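Along the sequence shown, residues are numbered consecutively beginning with 1. No hydrogens, no waters, no symmetry mates; every other heavy atom, side chains included, goes into these values. Both ligands and their constituent atoms are indexed starting at 1 by order of listing. On a predicted model such as this, the values are computed, not experimentally measured, just so you know.
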Amino acid sequence: MSNYSDKTVLVTGANSGLGFEAARQLAEAGWGKVILACRSESKAEAARARLIELTDKDPYSLLAVDTSEVASAQAACDQLRERGERIDFLLLNAGASGAQPKFNSAGVEITWASTLVGHHTMTMNMLDGGLLSPGARIVIAGSEGARGNLPGMKVHDIEKVAKERFDGDRVTAIEALARIKGPYRFSNMDEYVTAKLVVAWWAAALSRKLPRGMTVNAVSPGSAPSSGFARDAPFLMRVFMLPIMKIAGPLMGMAGSIESAARRYLDAADLGDNETGHFYATAHRTKLVGPVGIQTWPEYFTDEAAQEAGFAAVVKLTGVGLPEASSVATA
Ligand SMILES: NC(=O)c1ccc[n+]([C@@H]2O[C@H](COP(=O)([O-])OP(=O)(O)OC[C@H]3O[C@@H](n4cnc5c(N)ncnc54)[C@H](OP(=O)(O)O)[C@@H]3O)[C@@H](O)[C@H]2O)c1
């Protein structure tokens with residue numbers, strides 16, 4: 001995309017951190033309409049006021065959505081339909097991670113739900129109701145943590161859980177993990193990176209089901225410790241690790257600015273029609289900022305059966321499947 005003036009972008013989690021900064025950059029880049037999708041209309045309105053002050057522009061409109069709840073995501077899409085919106089860039093950025101386990105109304109843990117449940121539901125609903133433009137770009141926030149090599153963040157071994165407890169059925173294993181019914185003790189950072197692995201799988205599987213011309217990618221913004229993300233991190237991480245990350249991180253390639261993190265989302269919206277189904281993150285395996293590349297390591301990112309299992313698990317967690325409309329090709 002080069003001229004954005006007649007284009008519409010929807011950003012979830014637009015009131016804070018990377019979502020807010022992405023909304024600012026999108027307005028600066030000339031996007032005609034920037035829909036601020038936030039947990040409540042008052043949060044979206046407050047974000048809009050701050051954005052107008054910062055950009056001296058007002059392409060912003062508001063949408064209330066709780067991305068951890070199916071019903072809220074459906075209602076948000078109904079509103080968009082009533083308003084006659086057509087989305088060119090769907091930026092699924094929202095995500096939370098609570099120190100204590102909390103669950104959505106269907107029993108899905110909130111780290112998983114806020115990242116996957118509403119975002120999947122919105123995407124399916126939009127596909128069903130023609131809310132996405134034919135060349136739409138869908139970007140969902142991933143994380144380098146899904147590579148499984150960050151201290152204090154363990155990606156659950158889904159294959160092992162499937163083999164040992166569910167006759168090899170990875171869909172049921174993922175569902176159990178998202179409901180904290182797996183064999184692991186709850187740790188929000190472990191849930192976080194495992195949910196982000198499923199995000200990468202979901203995007204890969206969805207790319208095979210979208211109409212030609214639409215793309216979907218998972219994109220890690222890298223590490224931006226100044227966002228609000230760590231507000232619910234474990235005590236030690238908040239009090240010791242984060243201040244260290246903020247000071248020493250930039251020198252070690254382990255932390256960067258909110259601006260450059262959000263920029264990764266915008267760059268992904270400009271990728272061509274053939275760049276789809278990938279997980280983009282920092283190319284260097286042990287760094288969290290710098291140039292991005294398609295992640296093929298660990299091998300589980302490119303395991304097609306695992307990707308499909310990830311997508312199927314999210315369908316089960318939400319009860320929302322791929323629309324049957326003939327415009328949406330199945331894998
Ligand atoms: N910052 C990093 O280093 C980093 C690294 C890798 C990936 N990410 C990803 O980047 C994305 C944005 O995070 P951030 O760093 O910008 O953190 P943030 O400042 O905490 O922003 C998170 C946003 O998500 C919203 N959100 C969370 N749960 C929601 C729900 N159920 N319904 C609606 N909105 C919800 C929050 O709304 P409220 O204000 O209402 O809670 C907030 O606007 C997340 O997906 C995160 O996993 C961040």
Side-chain angles (χ1 to χ4, degrees), residues 10-24 36-47 50-51 62-73 75-76 91-98 102-105 108-122 139-147 150 153 188-189 191-200 203 218-233 237-238 241-242 245-246 249-250 254-265 268 279-282 287-289 292 295:
L10 184 153
V11 185
T12 64
N15 61 298
S16 174
L18 309 183
F20 180 83
E21 171 58 17
R24 186 193 70 77
L36 308 173
C38 304
R39 204 187 288 267
S40 65
E41 192 143 333
S42 58
K43 284 197 175 192
E45 183 56 64
R50 282 187 289 140
L51 283 162
L62 317 179
L63 187 71
V65 62
D66 178 341
T67 63
S68 65
E69 292 289 346
V70 169
S72 177
L91 177 47
L92 304 171
N93 157 79
S97 177
K102 281 190 218 150
F103 298 86
N104 77 358
S105 59
V108 182
E109 195 277 322
I110 223 72
T111 313
W112 291 77
S114 62
T115 303
L116 284 160
V117 165
H119 287 156
H120 168 82
T121 304
M122 287 175 87
V139 168
I140 185 163
S143 166
E144 275 82 2
R147 300 190 290 211
L150 290 181
M153 299 181 170
N188 66 335
M189 288 296 121
E191 302 318 322
Y192 171 67
V193 291
T194 310
K196 291 297 191 188
L197 167 58
V198 176
V199 158
V219 175
S220 170
S223 162
S226 303
S227 81
F229 196 70
R231 60 188 125 158
D232 287 324
M237 187 172 275
R238 256 185 301 123
M241 272 181 71
L242 265 168
M245 276 289 269
K246 282 183 191 170
M254 299 305 274
S257 67
I258 291 185
E259 289 80 1
S260 52
R263 170 70 49 196
R264 286 188 179 184
Y265 293 147
F279 171 35
Y280 291 91
T282 308
K287 305 264 186 236
L288 301 177
V289 293
V292 299
Q295 302 296 297

Q) How about S105 and E69: does a side-chain donor come under 3.5 Å of a side-chain acceptor? A) yes
(Q) Give me the atom names and distance for the closest heavy-atom approach of S220 to A281. (A) CB-CB, 3.9 Å
Q: Verify the neighbour count for atom NZ of K287: are there more than 12 heavy atoms of other residues, nucleotides or ligands below 6.0 Å?
A: yes
Q: For N104 and A113, work out which heavy atoms get closest and say how close.
A: ND2-CB, 3.8 Å
**Q.** Distance, nearest 0.5 Å, that separates NZ of K196 from CG of L116
**A.** 8.0 Å
**Q.** Lys NZ or Arg CZ of R264 over Y280 ring: under 6.0 Å, within 45°
**A.** no
(Q) Which protein residues come within less than 4.0 angstrom of ligand 1, counting heavy atoms only? (A) G13, N15, S16, G17, L18, R39, K43, V65, D66, T67, S68, N93, A94, G95, A96, S114, A141, G142, Y192, K196, P221, G222, S223, A224, S227, G228, F229, R231, Y265
